[in-house]
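The structure appears below as structure tokens.
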Amino acid sequence: MRYSKLFGKTLRQAPAEAESISHRLLLRAGMIAQIAAGIYSYLPLGWRVLKNIEQVIREEMNKAGGQELMLPVLQPFELWQQSGRCLSFGQSLFTLTDRKEHKLALGPTHEEVITELAHHCVQSYRDLPLLLYQIQTKFRDEPRPRGGLLRVREFIMKDLYSFDVDEAGLDESYEKMSQAYKNIYARLGLPALLIEADSGAIGGKESHEFMVITENGEDEIIYCSNCSYAANAEKAQFAKTVILSEAKNLLPLEEIDTPGTKTIEGVAGFVGVSTNQTLKAVFYSADGEFVFVIIRGDLEVNETKLRNTLKCSELRLATEGEVSEAGIVDGFASPIGIKDVKIVADDSITLGANFIAGANKPGYHFKNVNYPRDFQVDLMGDIALAHSGDNCLKCGSRLSSVRGIEVGHIFKLGTFISKKMEASFLDPNGASWPIVMGSYGIGLGRLLAAIVEQSHDDKGIIWPLSIAPYQVYLCPLYLDNPEIAPLAEDVYHKLEKEGIKVLFDDRDESPGIKFNDADLLGIPLRLTLSPRTIQSQSIEVKWRVGRETQLVPLENLAAEVNRLLREKLAQRSVS
RNA sequence: CGGGGUGUGGCGCAGCGGUUAGCGCGCAUGGUUUGGGACCAUGAGGUCGGAGGUUCAAAUCCUCUCACCCCGACCA
């Protein structure tokens with residue numbers, strides 16, 4: 001490709017709205033352009049990278065036994081009602097109405113459509129197992145798009161679905177996909193960490209995420225550097241400390257005067273105990289129902305865990321009005337004597353005794369509150385948020401936390417959707433069973449952005465060779481020199497003939513501009529041709545990473561460049 | 001949806017009641033240059049996000065509205 005003909009110009013300054021590194025660099029390099037919030041065009045260079053990423057993914061999916069197909073974006077809304085997921089997806093589902101007033105959804109994911117397909121095409125255990133995938137545009141009406149390509153409303157995703165006869169088959173498919181994903185990240189030069197995850201709106205039981213560690217990632221990862229435990233903060237478990245009261249005896253309930261102590265710190269300080277000797281009350285609205293949540297004072301509520309415990313889809317903090325309407329005195333609340341309100345407790349309330357809790361009247365608390373002696377709960381479970389510094393549930397070491405970008409998510413769906421969509425098969429005995437499913441997603445644009453977040457310097461992007469838009473940046477200087485131009489043309493043609501992907505900077509620009517653009521675009525290998533190199537019948541070769549340059553003879557240049565590229569590619573796939 | 005911020009040529013910004021709205025980059029033409037974003041000359045390009053209002057006079061003040069960004073509730 002001749003640079004002079006290339007559509008998309010580099011910018012010296014990034015548009016002000018771009019904040020994340022990948023967003024800034026991709027805009028500056030002229031690889032993407034924004035058209036609305038969370039909606040982007042890919043310009044030729046960016047599109048080439050995306051297609052390369054797509055190809056790597058396709059190859060690994062095929063290698064794992066996946067069969068590619070194409071499913072519709074436009075989906076009857078009934079499908080979403082049938083699966084029940086129109087509720088869990090809620091507002092994120094883009095919907096529209098056709099001329100016959102028929103409601104349709106723009107697919108945010110394709111479990112419904114593919115399960116419907118399986119319902120038609122799978123009858124026997126002999127048809128299984130199956131791995132079907134597609135690479136296609138998805139739509140999600142995200143509450144807040146952000147970070148350029150990191151979180152958008154229209155995006156290309158590879159989604160594969162596994163269909164098995166039983167849990168053991170699912171485990172096998174899941175393992176295959178997990179390995180395929182690891183291969184993908186390795187080929188993209190992206191260090192991705194496998195962590196335990198919450199399955200969220202997709203549904204299902206077990207799920208894992210692949211994370212790229214980055215300072216400004218939107219997820220928090222809790223991990224243990226001693227054992228291998230790592231999980232998304234919204235899922236992470238930890239060993240809650242056990243608070244033994246001095247006497248271990250349950251002391252009698254006692255009302256105490258605690259004027260103006262509306263916070264946990266306030267009460268604990270006033271009474272002279274630490275916060276883990278108190279009980280904290282938090283109020284939520286879950287699918288419209290008022291919920292009283294009780295947790296030990298030193299802990300915080302994890303809303304994802306709470307949502308799962310309640311099995312609700314919409315969860316938010318209750319408003320002050322809702323709290324007082326429920327007959328609760330904010331700041332002095334406890335479950336003691338509360339009636340007609342759903343009470344959910346974290347199991348930490350059992351890991352101690354003789355707690356301080358509200359007395360449900362302004363200015364007063366109770367001393368020596370004990371569960372279940374003094375109050376009952378409707379639901380009890382782990383709903384506490386893990387923090388760095390907490391103890392690992394598995395080995396007891398201190399947990400740490402980092403931020404990351406989710407670059408892949410795999411789910412064991414089980415039979416949750418196949419039952420709803422009536423996708424079943426007959427076993428050898430003629431008995432009918434629901435198909436056991438898995439779902440495996442990877443967002444291409446997000447992956448591209450994550451790679452830039454991970455691989456850049458102050459000059460610009462550093463593309464891994466495996467997905468770079470071009471492999472070689474041919475950079476002749478002094479094009480008005482009568483020797484240079486024809487020689488550059490010659491080199492360009494020879495490289496192309498060798499099958500090397502070359503971006504030929506045939507612009508009559510100063511060396512500084514050319515070098516800076518080469519660095520910004522991040523093309524792995526730069527070849528500089530100038531009167532200086534011509535003197536020795538050679539060309540200067542420089543990798544985008546590193547500073548060293550070397551002179552390579554013009555004779556047999558194409559073969560030599562090819563060798564260098566192969567060598568580099570081999571290094572990559574090992575790491 | 002709650003909180004914060006920004007809208008002025010393609011990009012970055014200045015102007016914050018008073019003439020024909022400026023500057024840098026980029027763009028066009030010509031010339032001199034050029035191993036890390038050169039210089040000179042000439043030139044094109046703006047209903048100051050939109051609507052309404054206040055005023056002799058509005059990019060500038062007021063009201064409403066829209067868009068975009070950032071922080072929180074959601075996800076590949």
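Quick caveat, the model's predicted, so the values are computed rather than measured. Reminder, nothing fancy here: chain letters follow the sequence lines and each chain counts from 1. Side chains are part of it too, since the values below use all heavy atoms of this structure and drop only hydrogens, waters and symmetry mates.
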Regarding [X], tell me which of base, sugar-phosphate or nothing describes its non-hydrogen contacts under 4.0 Å with the strands shown.
X: A:E540; value: base
X: A:T304; value: nothing
X: A:G30; value: nothing
X: A:D159; value: nothing
X: A:P143; value: base
X: A:K459; value: base
X: A:A14; value: sugar-phosphate

Atom-to-atom span, [atom1] of [X] to [atom2] of [N] - whole angstrom:
X: A:R144; N: B:G4; atom1: CZ; atom2: C1'; value: 11 Å
X: A:R24; N: B:C68; atom1: CZ; atom2: P; value: 20 Å
X: A:H409; N: B:C74; atom1: NE2; atom2: C1'; value: 13 Å
X: A:I442; N: B:C75; atom1: CD1; atom2: C1'; value: 15 Å

Should [X] be listed as having a side-chain N or O under 4.0 Å from OP1 or OP2 of [N]?
X: A:Q13; N: B:G24; result: no
X: A:R153; N: B:C75; result: no
X: A:S510; N: B:G37; result: no
X: A:R307; N: B:C74; result: yes

Look at the side chain of [X] and decide which nucleotide, out of [options], has an atom nearest to it.
X: A:L11; options: B:C74, B:C11, B:U34; result: B:C11
X: A:R12; options: B:C25, B:C74, B:U34; result: B:C25
X: A:R28; options: B:A76, B:G37, B:C69; result: B:G37
X: A:D480; options: B:U34, B:G26, B:C74; result: B:U34
X: A:R446; options: B:A73, B:A76, B:G37; result: B:A76
X: A:E17; options: B:C69, B:G36, B:C13; result: B:C69
X: A:A16; options: B:G37, B:C69, B:C13; result: B:C13
X: A:D517; options: B:A76, B:C70, B:G37; result: B:G37

Please report the shortest heavy-atom distance between A:M157 and A:G441, naming the atom on each side.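 In terms of heavy atoms, the two residues are closest at CE-CA, 4.4 Å.
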With the criterion set at under 5.5 Å between ring centres and under 30 degrees between planes, would B:G37 be stacked on A:F515?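 No; by the centre-distance and plane-angle rule, A:F515 does not count as stacking on B:G37.
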Exactly one of A:R403, A:R151, A:R144 should register a salt bridge (charged side-chain N to carboxylate O under 4.0 Å, His left out) with A:E218. Which one does?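 Option passing the salt bridge (charged side-chain N to carboxylate O under 4.0 Å, His left out) with A:E218: A:R151.
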Start at the 5' end of RNA chain B and walk down; is the nucleotide closest to A:H23 or to A:I156 reached first?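 Mapping each residue to its closest nucleotide by heavy atoms, the 5'-most match is A:H23.
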Pick the closest RNA chain B nucleotide for A:E154 and for A:T10 by heavy atoms, then say which residue is nearer the 5' end.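 Between the two, 5'-proximity favours A:T10.
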I'd like to know if the side chain of A:R24 reaches the main chain of A:A18, judged simply by a donor and an acceptor atom lying under 3.5 Å from each other, with no hydrogens or angles considered.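 Flag set: sc A:R24 to bb A:A18 pair under 3.5 Å.
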Ring center gap for A:Y161 and A:Y133 short of 6.0 angstrom: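 Not under 6.0 Å, so no.
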For A:F155, does the six-membered ring have the charged nitrogen or CZ of A:R140 within the cation-pi criterion, i.e. under 6.0 angstrom from the centroid and within 45° of the normal?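 Judged by the rule (NZ or CZ under 6.0 Å from the ring centre, within 45° of its axis), A:R140 is not positioned above A:F155.
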Between A:E60 and A:K158, is there a salt bridge with N-O shorter than 4.0 Å?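 No, no charged N to carboxylate O under 4.0 Å.
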